[in-house]
Every structure is written in structure tokens, then in C-alpha cells.
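The next block holds one structure in the form of C-alpha cells; read it before the comments.
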There are 2 protein chains.
Amino acid sequence: MTKNPKQPTMIDVAHLAGVSPMTVSRALKPNTSVSEATRSKIRAAADELGYVLDSTAAGLSSRRTGFIAVTIPSINNANFADTLRGLTQVLRATNMQVLLGYTDYDVAEEERLVEQFLRRRPEAIIVTGHAHTDRCRRMLEKCGVPVIEMWDLPENPIGQVVGFSNAQAAKLMVDHFVGQGYRKIGFIGGDPSRDTRGQDRRQGFLAALEAHGLDTSRMIAAQRPPITMREGAHSMRLMLEKWPDIEALMCVSDLSAFGAMTECQRQGLRIPDDIAIGGFGAYDLAEQALPPITTIDVSSENIGRIAAQVIQNLLSSEATKTSETIHRIEPKLLARDSSLRHTER
Amino acid sequence: MTKNPKQPTMIDVAHLAGVSPMTVSRALKPNTSVSEATRSKIRAAADELGYVLDSTAAGLSSRRTGFIAVTIPSINNANFADTLRGLTQVLRATNMQVLLGYTDYDVAEEERLVEQFLRRRPEAIIVTGHAHTDRCRRMLEKCGVPVIEMWDLPENPIGQVVGFSNAQAAKLMVDHFVGQGYRKIGFIGGDPSRDTRGQDRRQGFLAALEAHGLDTSRMIAAQRPPITMREGAHSMRLMLEKWPDIEALMCVSDLSAFGAMTECQRQGLRIPDDIAIGGFGAYDLAEQALPPITTIDVSSENIGRIAAQVIQNLLSSEATKTSETIHRIEPKLLARDSSLRHTER
DNA sequence: CGGTCAGATGATATCGATAACAGTTTCCAG
DNA sequence: CTGGAAACTGTTATCGATATCATCTGACCG
């Protein structure tokens, strides 16, 4: 193999095509005034040399990097993956590149990521949730590009928001349970100190129980989030030991709901006859499980799509001064067999 | 709000600290000869101004962008998510940033992504699988940075490989089925023309059946990959209509296996007494399902970890000339209740 | 006490593109 | 024909950092 053959630059292309570098730069972009003859001559030259534009240099010069930075809590989570898909699908048209990082539900890690990302001079930054370290919040406030918080409704938004009320979502489930006649209702979630969205659901759950005048003691806190199917099953065992009289159970996510449900089935309990189960997130799994699991749909993919559109607006139109700051999603209950009384089916 | 306050640059920091920009540059990197006094003075100045390094400029100048480009078929796939996690965990220490793109199992989209990525001047590029368009392959060969193909064992590798034989993995399952006494064995996968890994599994499956002298007709090809739980269920219905005598079924992934299994259960068939089921990928779901599903573990996370280590070697040590090119992973069968005769349990 | 050398700092020249403006050609209305 | 707008192309000056080499201290040694 030869010495590093050194990638050709725009100057090389310009020489070969017999034009100036500036013309090459223009020829390789759409919507620029370059004659068709010149443009194709330049394209040919670029092809011949195997030229590939250097967006690092382009970004430095034009001050537009084409990066959108995004932090999500976890990559192994169908909900956030859906959000990401919605986001990239919309952004693809604009040739924006997502810089993705995951925080593992840790605000310190989020701070680290945000700092890394800001060095890349993204044109916008999207973070999940409202909980940030002080320093992280300060960086976001001062970074000079649009900031979006998603999957939550922060009390003090940094910039734009695309999210929903986790508490309200939990209330939907409680109301549904109560409507079905269940009274002894429990909750399984992760360690409240880390996953703020899970924590908000827990609070909303408790508030809703209290509003109905129901007992709020049936709570299990598992390990650090995200809690898995296995931890759902384990928590279910604890729940059944401690409160064998439980009639209905809400889990912080569909995964733990599935784990809890299979544990019940292993113990010979029938769903929903012996225990009703509800999850969160509208995973495929909840629909395909036997029986299908009642869940809350927050249209994860839509969150991503809307966030992308917000960014496009903010970046393109100059005038549209912060048209709207809060883009609120309405969680929807999907009532399924896992919580429906026979008479209702 | 004021005019865009303009982010401070290294020059601003240098002025405030009373040193030259070059010294600031050095002070902000570890392992550089700057006196402790100067360094802390500079740190203070940087903090005061809220200075954030511009890695775009740094990358242009140093010709080290810190990017590792990675393409995977799908983001909504626990296996690839695991690979990604392994990758980033190892890379975190080196301060490398992953540029992630997903191809939707489409080589044309892969080509588009690779081209986009090469513009960012990544220091290495990782692609999933061995199937590429001609142009994409050419770009990868000529890009001048290490290329890794993963999740496969290409016949003509472009550079390094971290993968396993999908055919061999499928053979493991067939051998297991045969060992358990099953003879009428079927396969459910996606449209063979797109997902090459799924296709390789299908071929390996057929070859193994033939090696055992068994009938190879029980094949269902579903929609374009990735095939979901729902499509697994739908394919199972077709399978049962066409070949009601089927004794054992392998699915191209655990998700479709779960869908197929629940469909059987809905139809009143018992697993494994009436039909044995095997999946692929060692998803959590396969372990938690009722009954747990036999599957193939290819240690997805390990693939990512190894790929990251290969990159670290290639980038750090100058001498270690392409030490090894193929890093082969051994798929492992995880035999579970969904395919175990009662006597074996 | 002169010489050598490592450590600390600075000056200068890029890295590869694009912005902004300047110049040239084309083309057509008047 | 001619003025002038529109279309095309070129020149120059950055963008914000780092590589490289030069310079300047002192410390240490025989």
C-alpha cells in the first residue's frame, strides 16, 4: 500500500476543471448560479479525483455545522428510539446530522455530553427531560442556539418544549382502573431518585389515588432505572408477598408490566381476573402479549417529528419569533384485555 | 434579548489571561508542558468567559476530528442498540464521538449515509454487514481510514471484520431441533432480498436441514425486514394453514419468534408440546417470555466492544500493522423450554 | 562559572472551505 | 446601439484552532 494518498481538496478539483476553488464550492451546492457546462465539468473532475467535500472546513467557514445534538436517557429503549426515528426522518430532508448521546438516566453524564456536544457547535440541541445539573443548565442557556426539552413539561423551560405531563398520563391509568371497579391499586417503578419521568408518573399516580380516596401504600421501588422485564417480575413477587390482596397494578413502563404479568402467570394468577395490569409507552410488546397489555401512548415518534419541525422553523424563518414555546402532547390510554372486566370486552 | 452575544474564542481567553492563544490551546489539553500557574490562570479566564472549545476548528487544524462513523440497519433493534452501547462505552475513554446513522436495511441508503459521513472526516468507519453498493464499496476502500464490517463474515472484507457466521448460527438451531427429535422444521423470516443477515440465516438453515436429510419446504417469507412481532404472528398463521404438521419452527429473530409463539398459544397450541420454537438474538424478551424461548446469542454488545478496541489499536499504535483482520465471534445456542422435550428439562 | 538541556511560551503558517465583494459577460429593452 | 440588470466567475479575507519551529528561562553539572 502506498503512502497515505492524501485526499484531494477543492483546489485540486478546481485545477483539474480549470476554474477557481470558489466556483467549485458553488458548483457542488444546489441553488447557486453556476452555468450548467461548468457545473458538469466540475462534477466530472470531482468524480475523477474521488473528491469528498470536507464539512469540517465548510462548517468552520460558514458557521453552519449541520449538527443537531440530541441526548436521550437510553439507547435500548423503544420509546426513545422511536423519537429518534421521527426526528431523523424529518431532518433527513434538511441534510442535518444528529449527534446522539445517551445519559444512562444520569444528569452528571448529561452535563458531560452537553459539554462535548457544544464543542461541535450544533445548530440546535435537544435534551430529554427537565432535570439538569446547574452547570448544564447554564451551558444550555448561554450556548446561543435553540434548546428543546422533550418528553416532559418543565416548570422553567430553557427554550422550547415538546412533551407531555407524565403525572397526567399516570392519572389516566388510575382513572381507568377505578372506572373498571378496581380499588386496591399498586405501582411498580424504578428508584425515584434517578428517573424523573418515572418519578413524575409515580407522583401523578399517587395524586390520582388520593383524589379517589384510595389507599396509596402499594408501591414498590426497584433498582435504578431503567427497570427491565426481569426487575418487573421480581418486583411483582415482592408486591404479591406484601400485598396479596392487590387488584390492579400500574408499571412505569410496558417492559416491567410484561415482566410483572408473566410473573403473575407463572404463579397461576389470571390476568385480568385475578390482577389487572397496566403499563406505559405503547410498546409493540404490550400489544402482542397474551393478554394484550393496557398502556399509555405518548406517540414517541411524534415527539421526535415535532421537535424536528420546531427546529426547522427556528433555523429557517428569521421572523417567526418564538411562535410557541410549549408543544404539548396528549397521552392516550389504550385499554386492552389486561385490565378490562369481561363484561366490557 | 441582545444581539447574538457571539461566543468567545481562544483569543479572547488568551487576552484575558495575558498569554498567547497557543498557550491557551495547550493549557486546555492534558499532557502538555504548561506551568501549573499559567494553566489555572487560563482555566479561570475560560470559565469567566464561558469559553467552549470549537472542535470544528480544532479538527480542521489537527486533522483529527474525533468522529467514528457507524451505520446500523435499524435503531429500533435491541441487538444493534447493544452493539452501539458496547462501542460507546469503550470509546468514551478516548473522547471519540460516534456519528450514528441507520440504513433501514437498504444499501442505497447506506451509500447515502457513508457519503455524508465521509465528509465529516471520521477517523474510522464501521458498517453493518457485507452488502454494499459498488459506489459505496469504492468510497470505503478509498477513504483512507480504517473500515470495519461487523455482524457478518464477508467473503471479501474491505478492512477489518468483527462478526460471526449467520449460517453457522442457524445450523446450531437446526442441530438442536434435530437433537430433540424434531423432524418437520420450518423457518419464518423477512423478504430475502433485503436483509442479508436474515438471508444468510435462511441459507444456513436450509443447508443444515439438507445435511440432516430433512424436508426444506416449510419456509415463510414475510414483508421487508425487520419483521416484527405482529408479522411473526401473521406468518405463523400462514405456516399453520399450509403445513399444519409442523413440529418445530425457527424464526429470524426473537421478536418474530415471540409473535409466532403467542399466535400458537392463541390457537390453543402448547409450546413446545405441539410446536417447538426458536428465535435469534438473545433478546430479554426471549428469556422472560412464557415459556422462555430458545435462542442464539451472538453477544451483540461484545461485537461493539471489540470493534471499539480494534479501532483504538489501529489509531493509537502506529506499528501494529493490521495485526488481525477477522475477529470472529462464536454464536451460542441458549436452549430453553420453548424447544426442550419434557424429559430433558 | 560557562555550557547544556529540558520546560515554558510565543510567532507564524497553515488546515479546507465559504462570505463578501468585485469584475466580466450576456442579453434585452428602449 | 447602448444602458443596465442578471448571470456567472474570480479575488481576498477570514473562520478558530493547532503544528512547527524559534526563543527564552533557569536548573544542573563538572
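Numbered from 1 within each chain, the chains take letters A, B, ... in sequence-line order.
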**Prompt:** Between Tyr51(B) and dA17(D), does any side-chain N or O lie under 4.0 Å from OP1 or OP2?
**Reply:** yes
**Asked** With sequence neighbours left out, what residues match Ile158(A) under side-chain contact (heavy atoms from CB on, under 4.5 Å)?
**Response** His132(A), Arg137(A), Leu140(A), Glu141(A), Val147(A), Glu149(A)
**Request:** With sequence neighbours excluded, give me every salt bridge (Lys or Arg N to Asp or Glu O under 4.0 Å) pair touching residues 57-70 of chain A.
**Result:** Arg64(A)-Glu123(A)
**Asked** How close or far is atom P of dG16(D) from atom CZ of Arg121(A), stated in whole angstroms?
**Response** 8 Å
**Message:** For Ile11(B), is the CD1 atom crowded, meaning more than 12 foreign heavy atoms sit under 6.0 Å from it?
**Reply:** no
**Fill in**
On DNA chain C, more 5' by nearest nucleotide between Ser62(B) and Met22(B) is Met22(B)
**Prompt:** Looking at residues at least two apart in the chain, or sitting in another chain, which of them share a side-chain contact (heavy atoms from CB on, under 4.5 Å) with Pro226(B)?
**Reply:** Tyr105(B)
**Asked** Between dC15(D) atom P and Gln7(B) atom CD, what is the distance in whole Å?
**Response** 15 Å
**Message:** Listing request: all salt bridge (Lys or Arg N to Asp or Glu O under 4.0 Å) pairs with a residue in residues 152-163 of chain B, at least two apart in sequence or in separate chains.
**Reply:** Asp152(B)-Arg197(B)
**Message:** Quick check for you: to the nearest 0.5 Å, what is the distance between Met150(A) atom CE and Thr71(A) atom OG1?
**Reply:** 7.0 Å
**Prompt:** Who passes salt bridge (Lys or Arg N to Asp or Glu O under 4.0 Å) against Arg112(A), sequence neighbours left out?
**Reply:** Glu109(A)
**Integer-rounded Å distance: dA17(C) C1' and Leu60(B) CG** = 8 Å
**Prompt:** What parts of residues 26-46 of chain A reach DNA chain D, counting only heavy atoms under 4.0 Å away?
**Reply:** Arg26(A), Ser33(A), Val34(A), Ser35(A), Thr38(A)
**Item:** Residues that Ala308(A) engages under side-chain contact (heavy atoms from CB on, under 4.5 Å), provided they are two or more places apart
**Value:** Leu87(A), Val90(A), Leu91(A)
**Item:** Distance, rounded to the nearest Å, where Met10(A) contributes CE and dG10(D) contributes P
**Value:** 14 Å
**Message:** Could you tell me how far apart Ile11(A) (CD1) and dA17(C) (P) are, to the nearest whole angstrom?
**Reply:** 8 Å
**Prompt:** Do the side-chain N or O atoms of Thr23(B) get closer than 4.0 angstrom to the phosphate oxygens (OP1, OP2) of dT9(C)?
**Reply:** no
**Request:** In whole angstrom, give the distance that lies between atom CZ of Arg64(A) and atom C1' of dA17(C).
**Result:** 15 Å
**Request:** Please name all residues satisfying salt bridge (Lys or Arg N to Asp or Glu O under 4.0 Å) with Glu48(A), sequence neighbours left out, ordered by chain then number.
**Result:** none
**Request:** Please list, by residue number, the residues of residues 52-59 of chain A whose heavy atoms come closer than 4.0 Å to an atom of DNA chain D; answer none if no residue qualifies.
**Result:** none
